[in-house]
Amino acid sequence: MTDLPPKIRVVGDPVLATPTRPVEEFDQNLATLIEDMFAALAVAEGVGLAAPQIGVDLAVFVYDCPTGPDTSARGHVVNPSIETSGDLDVQDEGCLSVPGPYHELGRRTHATVRGVDKDNNPIEVSGEGYFARCLQHETDHLKGVLYIDHLPRNRRRRVLREMEPFEWNQAHDDAR
Ligand code: ZN
């Protein structure tokens, strides 16, 4: 027995390229999934994580994302839809499932996600700037889209070549 959080899937794993199914059962399994996702996010020191990144094809993501110098937003969304507005802001973006490199990508400056929580109560999360980018990135994951899929093909290839070994999965390899 180990207390390792779930392993984070890396680009090339089909689950990352497959649109997720909506959650229909709001039960203990869903609550456990969300706990597991927060555990994996913490170990990887990420700002957001979508269920496919731990191999689960359900429409759920979690976030723990800076919103200012001293503030952050933390939560989860089930079955989200997203609305974006504002200018395209071009900033470096990365992904725990594409470990190592970052690449510039334009995202809208404002995003609002509507969905439900683990108890099927409606929730709405709005963000701007970096948090808006995070909400767009995670919602994309649930459609089977990675940020590198938005890049021109040659840039996408370059990012894939720059991928690095996966420190936060090392414990799984060592435990084998
Ligand atoms: Zn990602």
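Atoms within each ligand, like the ligands themselves, are counted from 1 in listed order. Hydrogens, waters and symmetry mates are skipped; everything else that's a heavy atom, side chains included, is used.
Listed by chain and number, the residues in a side-chain hydrogen bond (donor to acceptor under 3.5 Å, both in side chains) with S126 are T112 (sequence neighbours excluded). Shown here are the salt bridge (charged side-chain N to carboxylate O under 4.0 Å, His left out) partners of E35, two or more places apart in sequence or in another chain: there are none. Under the salt bridge (charged side-chain N to carboxylate O under 4.0 Å, His left out) criterion, R155 pairs with no residue, sequence neighbours left out.
With D57 contributing its side chain and R21 its backbone, the two residues share no donor-acceptor pair below 3.5 Å.
A cation-pi arrangement is found for R74 relative to F38, the charged atom lying closer than 6.0 Å to the ring centre and inside a 45° cone about the ring normal.
Taking 4.0 Å as the cut-off between side-chain N and carboxylate O, K7 and D13 do not count as a salt-bridged pair.
The Zn ion (ligand 1) has C95 SG, H137 NE2, H141 NE2 as its protein N, O or S neighbours under 2.8 Å.
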